[in-house]
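Structure record follows, encoded as C-alpha cells.
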Amino acid sequence: MLVSSSVATWTGWGSSSNYPLCAMAFFHSKSRASSIRVEPFTVSFLPRSEFLELSSFHSFQHSNLKLRHSFKSRATSRMLHEPHALVITNEYPQNADFPRNYSRKEKKPFPIPIVELRRAARERLKKRKGQPKGRAPPPKNGLIVQSLVPLAYDVFNARITLINNLKKLLKVVPVHACGWCSELHVGPEGHPFKSCKGKHATLRKGLHLWTNAAVEDVLVPTEAYHLYDPLGKRITHEERFSIPRIPAVMELCIQAGVYVSEYPTKRRRKPIIRIGKREFVDADESDLPDPAPEVPLKPLLTETPISKAVAPANEEEKILLAEETLQAWERMRKGAKKLMQMYRVRVCGYCPEVHVGHSGHKAQNCGAHKHQQRNGQHGWQSAVLDDLIPPRYVWHVPDVEGPPLTRELRSFYGQAPAVVEICVQAGAAVPDQYKSTMRLDIGIPSSVKEAEMVV
C-alpha cells in the first residue's frame with residue numbers, strides 16, 4: 001500500500017478475488033499534515049464491465065474522495081497475471097479549521113507577507129534596470145479590460161439574483177439574528193451557545209437574544225465610494241459626504257465596464273500619457289469620432305421589494321430556488337475574484353472599510369482600535385475575496401427535524417456560510433468546497449455521556 005499526497009495506489013494480481021486492505025491515509029494541508037487510520041475493508045476486484053464502484057458504500061457517500069479504477073489485461077493464457085490499480089484522490093481536505101475571527105485590537109494579516117512583497121519589488125527593479133520603460137496595460141492606462149466586461153455584467157446580475165432569491169427563501173427557511181451582536185443561526189430555533197459579545201453580554205452570561213433576520217444580516221452590506229474617474233485624485237476628508245456610496249461589488253462591476261445610468265463614470269478611448277510617477281494627462285481624442293451613447297451590454301436586473309417577493313409554493317419549487325440561489329452565490333464570488341485580479345481593491349487593516357481603486361481614500365473615518373494615533377486614517381492593504389464579500393459563517397445543523405444543537409457537543413458541529421446553510425436546509429446539494437468545514441463525515445454522539453467516551 002503506497003500513499004503519498006492524498007493519493008493511494010495499490011496493485012494486485014488476479015482476475016477476480018477479494019483482498020483485505022488496511023490503509024494509512026495522509027492528508028496534507030497548508031498548515032499541517034495529519035495521518036488518519038482507516039479501518040480494514042475488503043474490495044472485490046473485477047473486470048471493468050463488472051467493477052463495483054466504491055462510492056456506493058455508505059462510508060464514501062458524504063466524503064470528498066474520488067475513486068478511480070484502472071484495469072489492464074495481458075493477452076496471455078495466464079489470467080492470473082492481470083494488474084489492477086486502485087487510485088484514491090482527494091481534491092478537498094476531509095476536515096478543515098473554521099475561519100479565524102480577528103479581535104478588534106488585532107490588525108488583519110497581509111494576503112502576501114511584507115517580506116515577500118519587498119523581495120518581489122527588488123526583483124522587478126533588477127529586471128527593469130537598463131530597459132526602456134514600456135506602456136502600462138489596462139486598466140492602469142485608463143482603459144477597461146474588454147475581455148472582462150461580460151464577466152462584470154454576470155457578476156452584477158448574479159448579485160441581484162442572489163438578493164431576490166434570498167428574500168423568497170427567508171419566508172420558508174427560519175433564520176435568526178442576535179439583537180446584540182452579529183451572530184446568525186439558520187434553523188427552527190437559535191443555538192444555545194454562550195458566544196454573545198454584545199452589550200450587556202455578561203448580564204446574560206453570553207446567551208444570545210434571537211430575533212428574525214433580514215437579507216442585510218445574511219449578506220453584509222459592504223459599501224464603497226463611487227469614483228467618477230478611477231485614476232483621478234484621491235477622495236479627501238472634506239469630500240466624504242458629497243460622494244455617493246454604493247455596494248462594493250457594484251462599484252467593482254462599474255469600473256470593470258458595467259454601465260449604470262445613475263452612477264456615471266469616465267470612459268477613456270486612448271491610454272493616458274504619464275509625465276511622472278503619479279502625474280499624467282489624458283490623450284487627445286479630438287481625432288476620434290464622437291462617442292456613441294453608452295448602453296448596457298446586457299439587460300441589468302433590478303432588486304425586488306420584500307413586499308413583492310413570493311415564497312415558493314411547494315417543495316419542488318423550494319429546491320429549485322435553493323439550487324439557483326447557490327449557483328448565483330458561487331457565480332458572484334468566482335467572478336468577483338477574477339475581477340479583483342485586474343482591478344485593485346483595498347481594505348483597511350483595522351476596520352471593514354473597502355475601497356475599489358488604485359489607492360485608498362483619505363477620509364479620516366476609521367474608528368477601530370487606537371484610531372486616535374492614526375488621526376482616524378485607514379491602514380490600506382490589498383483586499384481578499386472575503387473582505388469584499390464577507391461569507392458570515394453560521395453553525396451547520398445536521399438534522400433540521402431532529403433534536404436541536406447541544407451546548408456540550410459544540411466541538412462536533414461544523415460551520416458554513418449563511419447563504420450556503422440556507423440553501424442546504426432548503427434542499428440544495430452541499431458543494432464540495434464547503435464539506436470540509438461543515439464536518440459532514442464526523443459522527444455526532446447521541447448524548448453527553450457518549451461524547452465523554454470519545455478519545
Side-chain angles (χ1 to χ4, degrees), residues 6 23-39 41 55 57-65 90-102 173-178 181-197 201 204-208 210 213 218 326 391-455:
S6 302
M24 179 71 74
F26 295 87
F27 298 90
H28 295 269
S29 61
K30 296 182 180 179
S31 57
R32 64 184 183 276
S34 58
S35 61
I36 302 176
R37 185 73 178 179
V38 182
E39 295 297 332
F41 59 93
S55 59
F57 293 150
H58 177 72
S59 58
F60 288 100
Q61 288 180 358
H62 300 288
S63 64
N64 300 325
L65 297 177
N90 191 5
E91 295 181 358
Y92 299 100
Q94 183 181 14
N95 293 304
D97 296 333
F98 300 148
R100 179 182 174 184
N101 294 325
Y102 296 94
V173 179
V175 182
H176 304 276
C178 181
C181 68
S182 60
E183 188 87 6
L184 285 180
H185 183 72
V186 183
E189 58 183 22
H191 65 71
F193 306 142
K194 298 181 178 181
S195 57
C196 183
K197 298 181 181 179
R204 290 176 282 108
K205 298 182 180 180
L207 291 175
H208 296 277
W210 298 112
V218 179
L326 200 56
R392 184 65 72 88
Y393 276 77
V394 298
W395 291 100
H396 170 60
V397 180
D399 187 7
V400 181
E401 299 179 356
L405 302 184
T406 307
R407 186 179 306 165
E408 291 77 12
L409 303 179
R410 178 176 178 176
S411 59
F412 294 91
Y413 300 127
Q415 291 185 0
V419 176
V420 177
E421 181 66 16
I422 292 173
C423 297
V424 169
Q425 291 194 17
V430 182
D432 291 339
Q433 60 267 31
Y434 299 109
K435 290 182 179 179
S436 57
T437 56
M438 296 176 72
R439 298 179 177 176
L440 298 178
D441 46 6
I442 290 182
I444 300 177
S446 58
S447 62
V448 180
K449 184 177 180 181
E450 183 179 350
E452 295 176 353
M453 300 172 61
V454 177
V455 179

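Counting from 1, the numbers follow the sequence of the chain as shown.
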| message | How long is the straight-line distance from CD of Glu408 back to NZ of Lys449, given to the nearest 0.5 Å? | response | 15.5 Å

| task | Return yes if some donor-acceptor pair links the side-chain N/O of Glu421 with the main-chain N/O of Pro417 below 3.5 Å, else return no. | result | no

| note | Smallest heavy-atom separation, Leu409 atom then Ala451 atom, equals CD2-CB, 3.4 Å

| task | Would you indicate whether the side-chain heavy atoms of Gln425 and Val397 approach each other to under 4.5 Å? | result | yes

| query | Which pairs, with at least one residue in residues 184-195 and sequence neighbours excluded, count as a side-chain hydrogen bond (donor to acceptor under 3.5 Å, both in side chains)? | reply | Glu183-His191, Ser195-His208

| query | Quick one: does Cys196's side chain get under 4.5 Å of Cys178's, heavy atoms only? | reply | yes

| note | Closest heavy-atom pair, Ala416 versus Met438, reported as atoms and distance to 0.1 Å, is CB-CG, 3.6 Å

| query | Would you call the rings of Tyr413 and Phe193 parallel, tilted or perpendicular if under 30° counts as parallel and over 60° as perpendicular? | reply | tilted

| request: Might you confirm whether atom CG of Asn101 has over 12 heavy atoms from other residues, nucleotides or ligands at distances under 6.0 Å? | output: no

| message | Testing the basics here: between Ala426 and Val173, what is the closest heavy-atom pair and its distance to 0.1 Å? | response | CB-CG2, 4.0 Å

| Validation row: Thr406, Pro192 side chains within 4.5 angstrom (heavy atoms) | no

| said: Set out, in order, the CA-CA distance, both residues' side-chain angles and the distance that settles side-chain contact (heavy atoms from CB on, under 4.5 Å) for Phe98 and Arg439, then state yes or no. | reply: CA-CA 10 Å; Phe98 300 148; Arg439 298 179 177 176; 3.5 Å; yes

| field | Separation between CG of Leu207 and CZ of Arg407, rounded to the nearest 0.5 Å | value | 6.0 Å

| query | Given side chains that start at C-beta, do those of Val400 and Pro188 come closer than 4.5 Å, heavy atoms only? | reply | yes

| field | Note, Val420 side chain near Pro431 side chain (heavy atom, < 4.5 Å) | value | yes

| Less than 4.5 Å apart, any side-chain heavy atom of Tyr393 and any of Thr437? | yes

| query | Atom NZ in Lys435, atom NE2 in His396: separation rounded to 0.5 Å? | reply | 11.0 Å

| task | Take Arg392 and Leu184 through the side-chain contact (heavy atoms from CB on, under 4.5 Å) test and state the conclusion after the steps. | result | CA-CA 8 Å; Arg392 184 65 72 88; Leu184 285 180; 3.6 Å; yes

